[in-house]
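Below: the structure, in structure tokens.
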Amino acid sequence: MNKVDYLRISLIDKCNFRCQYCMPNDAELSYILKQELLTKNELLTLLKQVFIPLDFTKFRLTGGEPLLRQDITEIITEIVTLPETKDLSLTTNGYLLEEKAESLFLAGLKRINISLDSLNANTFDRIIGNNGKSRWQKTWHGILKAYEVGFNPLKLNVVIIPDINHHEILDLAELTINKNWHVRFIEFMPIGNSQLFGEKAWIPSVEIKEKIKHKWGLQEANITGNGPAEVFKIPDSQGTLGFISQMSECFCDRCNRIRLSADGWLRPCLLNETGQINLKQALREGINTAEIREKVAQLLLIKPDINFKERDSGIETYHRTMSQIGG
Ligand code: SAM
Ligand code: SF4
């Protein structure tokens with residue numbers, strides 16, 4: 001059985017973007033009330049008394065948009081100073097990085113993933129559901145700022161959507177040639193906005209890989225991280241290319257992660273709601289942390305069955321979007 005030692009923590013379900021593939025239309029989405037969010041202290045109690053004693057050592061902060069959390073730098077400092085923390089990273093849409101990258105770095109965060117689906121401002125704005133001023137330039141400056149302050153590795157997450165940004169595969173891959181940037185192509189998943197899922201809603205990694213290989217060639221490579229990405233590089237380039245193929249390949253048997261939502265639900269599998277438990281509720285009801293730890297230990301024991309059960313039954317419906325689960 002694969003060791004599960006990586007916790008993805010959603011800090012907030014709200015977001016300043018509305019990416020078409022992540023969030024449904026306004027009318028369908030309701031946000032978690034502020035008082036229902038796990039507080040910084042509740043989160044730290046869970047890390048210190050539940051997850052770390054169960055050998056969790058790697059953490060990722062995500063959302064929604066985690067930089068909307070006012071206490072983000074304090075959360076980072078508290079987690080990196082826990083002696084057991086081996087790795088802390090954060091996934092962001094980059095919009096607020098221009099002003100926040102430096103304080104995040106000084107707080108102790110050293111690696112970061114930034115989502116960037118297009119190098120074209122119009123396409124970018126279309127994907128993120130912008131109906132006001134363009135957000136591309138500020139996001140791009142946020143990426144440059146993160147690079148300048150020294151985040152390493154700096155990964156760029158890309159979701160390719162047919163007929164929207166598929167013609168930018170080579171341009172996005174090319175970013176890795178002259179900069180130590182790591183572009184990761186994530187297969188688009190049927191979570192979130194179901195209207196997008198026509199017959200050809202996603203492009204398999206193998207097609208993206210072939211396209212890049214045909215232009216420049218590809219060689220195997222390595223990069224720090226906890227993900228299931230297959231990593232390559234364009235010969236003589238500074239950065240790498242990762243392919244995350246959760247739609248076309250099953251890597252459940254290698255899964256080392258579990259997810260905590262912003263309102264405290266612990267979810268054993270991204271693609272399956274079976275077995276979830278609410279740790280915030282347990283804390284607020286005064287259940288002692290030894291008992292909570294025991295419940296989590298039981299959930300970890302049944303996790304492999306949950307992963308495979310969902311795969312066997314195919315991908316079905318989800319009650320929560322990626323922004324709510326924590327991508
Ligand atoms: N707001 C931050 C961001 O966009 O990076 C963090 C949260 S977001 C949910 C985390 C990652 O999930 C992003 O890289 C996003 O592209 C990815 N994501 C969201 N919905 C997805 C979907 N339906 N299929 C594949 N990836 C998705
Ligand atoms: Fe927001 Fe990230 Fe979802 Fe886009 S992918 S709507 S930035 S949470």
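Numbers here simply count residues along the sequence, with the first being 1. Note that the structure is predicted; figures quoted are calculated from it, not measured. All ligand and atom numbering here is 1-based and tracks the order in the structure. As a basis for the values below, the full set of heavy atoms in this structure was taken, side chains included, without hydrogen atoms, waters or symmetry mates.
Of all the atoms in ligand 1, the ones that sit under 4.0 Å from a non-hydrogen atom of Thr62 are 6 (C), 7 (C). Using a 4.0 Å cut-off to heavy atoms of Phe17, the atoms of ligand 2 that qualify are 1 (Fe), 6 (S), 7 (S). Taking every non-hydrogen atom of Asn157 and a distance limit under 4.0 Å, the qualifying atoms of ligand 1 come out as 14 (O). Every atom of ligand 1 is numbered from 1 in the order shown, and the set under 4.0 Å from a heavy atom of Val159 is 16 (O), 26 (N).
Contact annotation: the side chain of Ile212 approaches that of Phe185 to within less than 4.5 Å [non-hydrogen atoms, C-beta and beyond]. Looking at heavy atoms from C-beta onward, Thr289 lies in side-chain contact with Leu283 at the 4.5 angstrom threshold. Within the 4.5 Å cutoff, the side chain of Glu249 has no heavy atoms near those of the Glu187 side chain. Taking 4.5 Å as the limit, every side-chain heavy atom of Asn222 sits out of range of all side-chain heavy atoms of Val231.
Of the N or O atoms in Met189, one or more lie within a sub-3.5 Å distance of an N or O in ligand 1. Some N or O of Glu65 is nearer than 3.5 Å to an N or O of ligand 1, by distance alone. Ligand 1 has a nitrogen or oxygen under 3.5 angstrom from a nitrogen or oxygen of Ser115.
Taking backbone and side-chain atoms together, Cys22 has no N/O/S atom less than 2.8 Å away from atom 4 (Fe) of ligand 2.
Counting heavy atoms only, Asn93 comes closest to atom 7 (S) of ligand 2 of the residues Asp13, Asn93, Ile127. Comparing Gly64, Gly63, Cys15 by heavy-atom distance to atom 1 (N) of ligand 1, the nearest is Gly64.
Heavy atoms of Cys19 come nearer than 4.0 angstrom to ligand 1 in no pair at all. Using a non-hydrogen distance threshold of 4.0 Å, Gly64 registers as a contact of ligand 2.
Evaluation of the side chain to side chain donor-acceptor pair (under 3.5 Å) rule for Lys179 yields no partner, not counting sequence neighbours.
The backbone of Thr92, and not its side chain, has at least one atom closer than 4.0 Å to an atom of ligand 1 (non-hydrogen atoms only; backbone = N, CA, C, O). Both the backbone and the side chain of Cys19 come within 4.0 Å of ligand 2, counting heavy atoms alone.
With rounding to the nearest 0.5 angstrom, the CG atom of Asp117 is 6.0 Å from the CG atom of Asn165.
Each of Ile143, Leu90, Leu104 was checked for a side-chain contact (heavy atoms from CB on, under 4.5 Å) with Phe151, and the lone residue meeting it is Leu104.
Placement of Ile75 and Leu106 in two distinct hydrophobic clusters is found when ILVMFWY residues are connected by side-chain heavy-atom separations under 4.5 Å, directly or transitively.
Judged by the 6.0 Å and 45° rule, Lys138 forms a cation-pi pair with Tyr95.
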